[in-house]
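See below for the structure under consideration.
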Protein chains: 2
Amino acid sequence: MARAHPAPVVTATLPLSPPPGPRQQRLLLVLREAGRELSARELHQLLEAAQEQQGLATVYRGLKLLQRAGLVRCRRLVNGESVYAPLERDQHHLTCVQCGSSEPLPICPLGGSGLGLTKVLLQGFQPLFHTFEIHGLCARCQQLQAPGHG
Amino acid sequence: MARAHPAPVVTATLPLSPPPGPRQQRLLLVLREAGRELSARELHQLLEAAQEQQGLATVYRGLKLLQRAGLVRCRRLVNGESVYAPLERDQHHLTCVQCGSSEPLPICPLGGSGLGLTKVLLQGFQPLFHTFEIHGLCARCQQLQAPGHG
DNA sequence: GCTAGAACGACAACCATTCTCACTCCTGAG
DNA sequence: CTCAGGAGTGAGAATGGTTGTCGTTCTAGC
Ligand SMILES: [Mn+2]
Ligand SMILES: [Mn+2]
Ligand SMILES: [Zn+2]
Ligand SMILES: [Zn+2]
């Protein structure tokens, strides 16, 4: 019977592609062991230190594969560089438009409520991950920008 | 003028800075008249066509001022360029990690529920705007990536 | 009119990312 | 085993949006 389902939320998706090759698995492992988001260059350097070097171009290629496989998420910092993290680490940020600092924000807009991200809205689009960010002024930059600075 | 503001929620914030100068007001006007997000270069060219040219560096400077004043929002496209829109236009997107296409997503994670963006969470951070994006594969790229392609 | 400081604009510099292309490695056929 | 084909790789060049530099122009105050 077609009962009124609580709208099957379509995010937190299943992997699409077959498991990636060994190079990509190494990338994923390093990302999982790191406690934070890593840039492509950091990843490249960490691999180098671990005697498993991969050319920077290869790192970028691998990260793109992992994204398409639904294993890695990515966001761009204000300074232009992209940072990567495992998909299962669901983390968002407060980012200062002035100094670019970015600190964790312990909420997720899709977390509890579900938000009703139905297939109707997605219309054939296959979601892999989401980004949510609040941009504004950090406490320090507010003071520096304040009119009466003393 | 004074648009209805629905929100007890802490986002959709009040302007912080004094009203910007005439150059910035022109930028804001063009952004409001355009039906879509504009890049700095597009803005520069539109102003040129309207006999109100501003150097590209000045356009960037003005956009940063408008952001800090709580009048303009900004997001980065996959190809690296930033696009700008008036703050009151609350729009989010589905973005393809493969081809970079980005189509509107008619929901906002802060819209109805409020999400509980309390001052406790923000801890002195002054929110100006937010970005929310679902990244994945558009219908076309799913087909091209499919295993049995025919 | 004159001066100090802010705003401006043309252009150079920056730098993360992507592209190029020669080379290596793997695989399957013979 | 030998070899051809193709995918994967890596070093370096190219790309391009954004930011920095710095001499010029505008503005306000006297
Ligand atoms: Mn989340
Ligand atoms: Mn919104
Ligand atoms: Zn700041
Ligand atoms: Zn696509």
Side-chain angles (χ1 to χ4, degrees), chain A residues 17-28 37-69 72-85 95-100 102 135 145 147 149, chain B residues 17-28 37-69 72-85 95-100 102 135 145 147 149:
Chain A
S17 308
R23 311 293 288 270
Q24 287 79 45
Q25 291 184 14
R26 302 245 64 104
L27 290 175
L28 186 53
E37 300 165 298
L38 297 178
S39 71
R41 182 166 303 273
E42 286 173 316
L43 213 29
H44 171 67
Q45 289 171 343
L46 285 175
L47 287 169
E48 200 168 48
Q51 309 289 0
E52 302 171 5
Q53 37 261 85
Q54 296 187 22
L56 190 53
T58 301
V59 171
Y60 277 109
R61 283 187 284 242
L63 287 169
K64 188 154 282 185
L65 284 176
L66 287 167
Q67 271 185 79
R68 292 205 271 270
V72 159
R73 75 175 70 238
C74 163
R75 75 181 176 113
R76 256 184 206 258
L77 303 182
V78 173
N79 66 17
E81 75 180 2
S82 298
V83 288
Y84 302 83
T95 296
C96 181
V97 299
Q98 175 103 11
C99 67
S102 199
H135 305 258
Q145 186 176 81
H149 75 296
Chain B
S17 307
R23 311 291 290 270
Q24 287 79 45
Q25 291 184 14
R26 303 242 67 102
L27 290 175
L28 186 54
E37 300 164 299
L38 296 177
S39 70
R41 180 167 304 275
E42 287 172 316
L43 214 28
H44 170 68
Q45 290 171 344
L46 285 176
L47 287 169
E48 199 169 50
Q51 309 287 3
E52 302 172 4
Q53 36 259 84
Q54 296 186 21
L56 189 53
T58 301
V59 172
Y60 277 109
R61 283 187 283 243
L63 286 170
K64 189 153 283 186
L65 284 177
L66 287 167
Q67 272 184 79
R68 293 206 270 269
V72 159
R73 75 175 70 238
C74 162
R75 74 179 175 114
R76 262 184 199 255
L77 302 182
V78 174
N79 65 18
E81 76 180 1
S82 298
V83 289
Y84 302 83
T95 296
C96 181
V97 299
Q98 175 104 11
C99 67
S102 199
H135 305 258
Q145 186 179 83
H149 75 296

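Every chain is numbered from 1 and lettered A, B, ... according to where its sequence line falls, protein lines coming before strand lines. This is a predicted model, so every value here is computed, not measured.
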Spacing of B:Glu42 atom CD relative to D:dG17 atom C1', expressed in whole Å: 13 Å
Quick one: are B:Val78 and B:Val97 in side-chain contact, heavy atoms under 4.5 Å? no
Atom CG of B:Leu27 and atom P of C:dC8 are separated, to the nearest Å, by 10 Å
Does any N or O donor sit under 3.5 Å from an N or O acceptor when you compare the side chain of B:Arg61 with the base of C:dG9? yes
Which of residues 50-60 of chain A have a heavy atom under 4.0 Å from DNA chain D? A:Gln53, A:Gln54, A:Gly55, A:Ala57, A:Thr58
Rounded distance (Å) that lies between atom P of C:dC15 and atom CG of A:Asn79: 10 Å
Straight-line distance of A:Leu43 CG to A:Leu63 CG, nearest 0.5 Å: 5.5 Å
side-chain contact (heavy atoms from CB on, under 4.5 Å) assessment of B:Glu37 paired with B:Arg75: CA-CA 9 Å; B:Glu37 300 164 299; B:Arg75 74 179 175 114; 2.7 Å; yes
Using atom CD of A:Gln24 as one end and atom P of D:dA7 as the other, report the distance to the nearest whole Å. 15 Å
Just call it for B:Ser82: base, sugar-phosphate, or nothing, with non-hydrogen atoms closer than 4.0 Å on any strand. sugar-phosphate
Taking only side-chain nitrogens and oxygens of B:Arg23, does any of them come within less than 4.0 Å of OP1 or OP2 of D:dC26? no
Check the distance between D:dG10's P and A:Leu63's CG and give it to me in whole angstrom. 13 Å
Looking at CZ of A:Arg76 and OG of A:Ser39, how far apart are the two atoms once the value is rounded to the nearest 0.5 Å? 12.5 Å
In residues 48-61 of chain A, what donor-acceptor pairs under 3.5 Å come from side-chain atoms, sequence neighbours left out?
{"residue": "A:Glu52", "atom": "OE1", "partner": "A:Arg26", "partner atom": "NE", "Å": "2.8"}
{"residue": "A:Gln54", "atom": "NE2", "partner": "A:Arg23", "partner atom": "O", "Å": "3.2"}

Protein-nucleotide distance (A:Leu43, atom CG; C:dT17, atom P), rounded to Å: 12 Å
Which distance, rounded to the nearest 0.5 Å, do you find between the SG of B:Cys74 and the CG of B:Leu66? 11.5 Å
Distance in angstrom units between B:Glu81 CD and D:dG16 P, rounded: 11 Å
Say you draw a straight line from CG of A:Leu38 to NE2 of A:His44; how long is it, rounded to the nearest 0.5 Å? 13.5 Å
Write down the distance between CG (A:Leu65) and C1' (D:dA7), rounded to a whole number of angstrom. 12 Å
When you check the phosphate oxygens OP1 and OP2 of C:dT17, does a side-chain N or O of A:Lys64 lie under 4.0 Å from one of them? no
